[in-house]
Every structure is written in structure tokens, then in C-alpha cells.
There are 2 protein chains.
Amino acid sequence: MDSDRKISPAVINRLPRYYRYLGDLLESDITRISSKELSAKMNITASQIRQDLNNFGGFGQQGYGYNVEYLYNEIKKILGLDRLYNMIVVGGGNLGQALVNYTNFEKRGFVIKAIFDTNPRLIGMTIRGVEVYDTDQMENYVKNNPVDVAILTLPRSQAVKVANNLAKWGVKGMWNFSHVDLQVPDDVLVENVHLTDSLMTLLYKINEMYYSGDEDMHESNLKNGLPVKPLDQDEE
Amino acid sequence: MDSDRKISPAVINRLPRYYRYLGDLLESDITRISSKELSAKMNITASQIRQDLNNFGGFGQQGYGYNVEYLYNEIKKILGLDRLYNMIVVGGGNLGQALVNYTNFEKRGFVIKAIFDTNPRLIGMTIRGVEVYDTDQMENYVKNNPVDVAILTLPRSQAVKVANNLAKWGVKGMWNFSHVDLQVPDDVLVENVHLTDSLMTLLYKINEMYYSGDEDMHESNLKNGLPVKPLDQDEE
DNA sequence: GCACTCCTGTTATTTTATTGTCAACAATAA
DNA sequence: TTATTGTTGACAATAAAATAACAGGAGTGC
């Protein structure tokens, strides 16, 4: 494993997908697979699969292909999934609770240790065995307990300040669901999940496919049962 | 708006982000902005901003820059956000409920009309005024009501079948949160949100930064308070 | 109104990512 | 054994994306 070379982000983003497919194969008791076969399943070129994997080492064997279980475990190691991670949820709203309730996280080694919120009605409650604390206690908690990842599901107005504090107090990474791009020190890693952005790109594609070249789209719009109404700006 | 030319996916994915920043500027009563200024705010090169925007038309003016409100509204139109969209949620679990409860969707014109689930305890319930129906009724509903987007928050085992049916019945696009890559006809658009994948890439980066070059990572692991425990495969 | 600066739209260049090709070698069959 | 097939890993070729360069129109100050 050549840890000097810088792996391109495009490759890293594909790794979890390989991991998922290999897990599926493992469950189906398939013991070996060639890049060609995997290519057909995943809709990626075989060439790219081989090149992606070779960034981390030669896991395959000529004339044989890849051993599914071995490759699966190697990718698991590469992604760091052979360890436990301590996480906290900041913002105990709907999304925060949904993530806490997602049982598979625990199975994968993502352990949510605490939830922080400012809402008095939530504080003291327990969600799937995880207690909700007042945000006031967060500094104390983070400074005295190892926190690998903070899951941010709070309103954008508070997100920046909270993220900066968490960074200062030693949280390694942030999984950010709030509607704002965080600016934190370079040694704190941020992964943004902008759900609305993702939905918007879907809508763009729908529009492109169903209404493209239609300069005044209102008519076709009505035909499709979509009433036209001006919408104004909203605040998260 | 040159609707012939094919816009690259990279550009489309950036559009919502531009839209977000322009909305912020609008709220701050900033009326004009140059690509250079926006570049500083967004951490993108000015060159890329100009090139991105020019895919859709010349919205700026030499010596002046871009009019914030005008550009905001143009991007709104490009993304198709000047219309209403009818949506349904398939899978009324935690995540599905969280999305229904996300009030901003409605403000943006994303109207969730119905929720479908197989769980008898949920059927008949109302979440933020949206009723939960038995999945049996979905075919009838979709065939008789325009559905632009189906939000899929169901277990992977059911996702593929449901998605194929929805495609057949005329749903235009799917916003897929289930842990599987959907294979649907070409005229049905799918936007996948693989939350776990996104978390895994964050973990990769955390590992790279904190444990890189450390072939036997177990020791440094313990130093950081992360107990090492072998984890096995799980099923969604 | 004129000189000067700003800033776009566009073209050129560089960088990054993907795909295609092939020699080398393993597995399998003859 | 020996031939044949399958398949990797390396690298070359191509494509896509990002960045830089720049000509020239529009604003600004005098």
C-alpha cells in the first residue's frame, strides 16, 4: 500500500460503492470475480475498476480475477471500517433523530454517543438509548471524550459557529447536513451533504428531459398538471 | 438559453450551490457582484464561475459584474424552481418522516402529496398533514395523479421492484435514499443519495490524515481512544 | 468627452479523469 | 507437458474539467 501517492478524490468517492457491491457478492457466496464481470454489474469500465484498485495495491491475480472476500476486506481496511468511530449528533431535530435511529450505523461501527440540542423539550430524552444533552454541555463533553465525527443537523444560522467550536475542541471530522458550506481549519475534515442541492439537480434533469427547448414552459406545464405559481425566497 | 448544447454534469452539480450563495447575497441586500468577489466567497476560481454561467447565457455585464437578483432568478429558472413539483414518499420510516417534516421543501415548491408504507401501524396516520397510505394503493394513486418525484426511503430489498413499478406508472424522477443503485428505464431520472457512502469517504479522509503511513494502525488507534474490534457484515 | 480601470465572455492551455491496449503471467484444457 | 484462454497491471491515448489568458465593451472619475 503506497501511502505516499495522493489518491484522487474521484477514486475515493467510488470506494464505498465497490465496498457495497463486494458485500453483495459475498452474501451471494460468490468467491471470485473479474474486473469484466464487476464492470457489467456496476456500469463502470473494467479498466477503471482495475486502475482504481491498483491505486491501493495489486489485489487481483492474472487468469483468476479478484477474490471477493479478500478484496472486500482490503477495501474495508482502506476505508478504515475495521475500527469503531465515536460520533455525536448536534441538532436533535427530525433528521438528527432519523440518523440516530438508523440501526445499521451501529452495526458498521459508527457509534453515536450523545445528542446535543438547545430545545428544552428534547433535553433529557433518550433516543434509541442515546441521551439528548443541552448544547451548553457540549464543550465539556467533547474535551473529555474522544469524538471522531460530529454530525451536524442544525439550522444554518448556528452551524458555522458550532462547527468552529467543535473544530477547536478537537473533533476530527464533520458530517454536515446544514445548509451552509463550513469554513473550518484545514486539519478538520468536512463532508457536506446538501440534500436540497441533490434534489435540485434531479429537478434540473427532469426539466431538461420533459420541458427542454420549450422557452415558455407554462403551457406544457399545465398539460402535465403542474400549476404555475411564483415562489419566493425562504430561510433555513 | 442554448438548449441544444449538452451541459456537463459537473456544472449542473454546481448550480444549486450558486443558487444558494446568490440567495444569501440577496438577503444581505447586495445588488451586484463580480465573478472575482463570488470566487472569494465560494472558493471556486472566477474563471470557472464565468464559464459555468456562460453555459446558460451571458448574464453579466463587462465593467459591472452580475446583478444578484437577476442572476438568482435566472438560475432559479434554469433549475426549474419557478414551478411546483408533486412528490410522494415511499417508505414512511424515520428518514421518510424527517423529509416530510422538513418545512422548507414546501416553501421551495416541493409538495409532498402522499406517503406510502406497508406498516399497518403507520397507515392512516398523518404527518404534517400528509396521509400515509398502504403501498397497495400506490399504483392507483400514481396512475391518477401527476407525480414528478418519488422519494424512496425504503429497504434495499424492496427498492428495486418498487422503483421499476413507479417508472412504469409514469413517475418522472426518483430521489433514492435506499442502499442500492437503481436500474430503471432511460427516461426515468434517478438521483442517488447514498448517505453511508458519504460518511465512509469522510472516514477515509480522517484515517488518511490521522493514521496515514501507519501500517499497523492498531496502536495509534488505541492512543486515540478508539477500541479495535472486528466488525462483520450487515444487511440493510 | 476622454482616459483609465474593471470585468465579462471566449478561446487557449493545463490538469485531471477515463478509456483502450497490450505484454506478462496464471489457470485450465488438451 | 504444452497450447489456449482469461485476466491483471502498466501505460498510452482520449476525453472532460478546471484554470489561465486576453480582447474588448461598459462603467467611472476627471
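Computation of the quantities below employed the complete heavy-atom set of this structure, encompassing side-chain atoms and omitting hydrogens, waters and symmetry-equivalent molecules. In what follows, chains are A, B, ... by sequence order, proteins preceding strands, each numbered from 1.
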(request) With sequence neighbours excluded, tell me which residues meet side-chain contact (heavy atoms from CB on, under 4.5 Å) with B:Asn164. (result) B:Val160, B:Val184
(request) Check the side chains of A:Ser178 and A:Arg156 for a donor-acceptor pair under 3.5 angstrom, ignoring hydrogens and angles. (result) no
(message) If I take atom CG in residue B:Asp52 and atom C1' in nucleotide C:dT10, what distance separates them, rounded to the nearest angstrom?
(response) 14 Å
(message) Between the side chains of B:Glu208 and A:Lys6, is the shortest nitrogen-to-carboxylate-oxygen separation below 4.0 Å, so that they form an ion pair?
(response) yes
(message) Can you give me the first and the last nucleotide of DNA chain D (5' to 3') that has an atom within less than 4.0 angstrom of a non-hydrogen atom in chain B?
(response) D:dA17 to D:dT28
(message) Does anything in residues 42-49 of chain A come within less than 4.0 Å of DNA chain D? Heavy atoms only, and list the residues if so.
(response) none
(message) Run the side-chain contact (heavy atoms from CB on, under 4.5 Å) test against B:Phe59 and tell me which residues pass, sequence neighbours left out.
(response) B:Leu53, B:Phe56, B:Tyr66, B:Tyr70, B:Leu71, B:Glu74, B:Ile78
(request) Could you please spell out the steps behind the salt bridge (Lys or Arg N to Asp or Glu O under 4.0 Å) verdict for A:Lys172 and A:Asp148? (result) CA-CA 5 Å; A:Lys172 295 196 187 79; A:Asp148 299 292; 3.0 Å; yes
(request) Could you walk me through whether A:Arg32 and A:Asn67 pass the side-chain contact (heavy atoms from CB on, under 4.5 Å) test, one step at a time? (result) CA-CA 5 Å; A:Arg32 59 181 265 196; A:Asn67 178 289; 5.7 Å; no
(request) Tell me, please, whether B:Tyr19 has B:Lys76 positioned over its six-membered ring: NZ or CZ under 6.0 Å from the ring centre and within 45 degrees of its axis? (result) no
(request) Could you pull out all residues at least two apart from A:Gln61 that satisfy side-chain contact (heavy atoms from CB on, under 4.5 Å)? (result) A:Tyr64
Hey, can you pull the donor-acceptor pairs under 3.5 Å for the side chains in residues 36-48 of chain B, sequence neighbours left out?
| from | atom 1 | to | atom 2 | distance (Å) |
| --- | --- | --- | --- | --- |
| B:Glu37 | OE1 | B:Ser34 | N | 2.9 |
| B:Glu37 | OE1 | B:Ser34 | OG | 3.3 |
| B:Ser39 | OG | B:Ile44 | O | 2.8 |
| B:Thr45 | OG1 | B:Gln48 | N | 3.2 |

(message) Could you work out, with side-chain contact (heavy atoms from CB on, under 4.5 Å) as the rule, every residue matching A:Asp181, not counting sequence neighbours?
(response) A:Asn192, A:His194, B:Arg17, B:Arg20, B:Tyr21
(request) Kindly write out the residues that satisfy side-chain hydrogen bond (donor to acceptor under 3.5 Å, both in side chains) with A:Tyr18, not counting sequence neighbours, or none if the list is empty. (result) A:Asp52
Table of protein N/O atoms under 3.5 Å from nucleotides 2-7 of chain C N/O atoms:
| from | atom 1 | to | atom 2 | distance (Å) |
| --- | --- | --- | --- | --- |
| C:dC7 | O4' | B:Gly63 | N | 3.1 |

(message) Just to be sure I understand the geometry, which residues of residues 9-16 of chain A put a non-hydrogen atom under 4.0 Å away from DNA chain C?
(response) A:Pro9, A:Ala10, A:Arg14
(request) Can you tell me the pairing partner of C:dT16 across any strand shown, Watson-Crick or G-U wobble, with both distances under 3.5 angstrom? (result) D:dA15
(message) Using the side-chain hydrogen bond (donor to acceptor under 3.5 Å, both in side chains) criterion, which residues pair with A:Ser198? Sequence neighbours excluded.
(response) B:Trp175
(message) For B:Asn13, give me all partners under side-chain hydrogen bond (donor to acceptor under 3.5 Å, both in side chains), at least two apart in sequence or on another chain.
(response) none
(message) In this structure, how many angstroms lie between the C1' atom of C:dA17 and the CD atom of A:Gln51, rounded?
(response) 8 Å
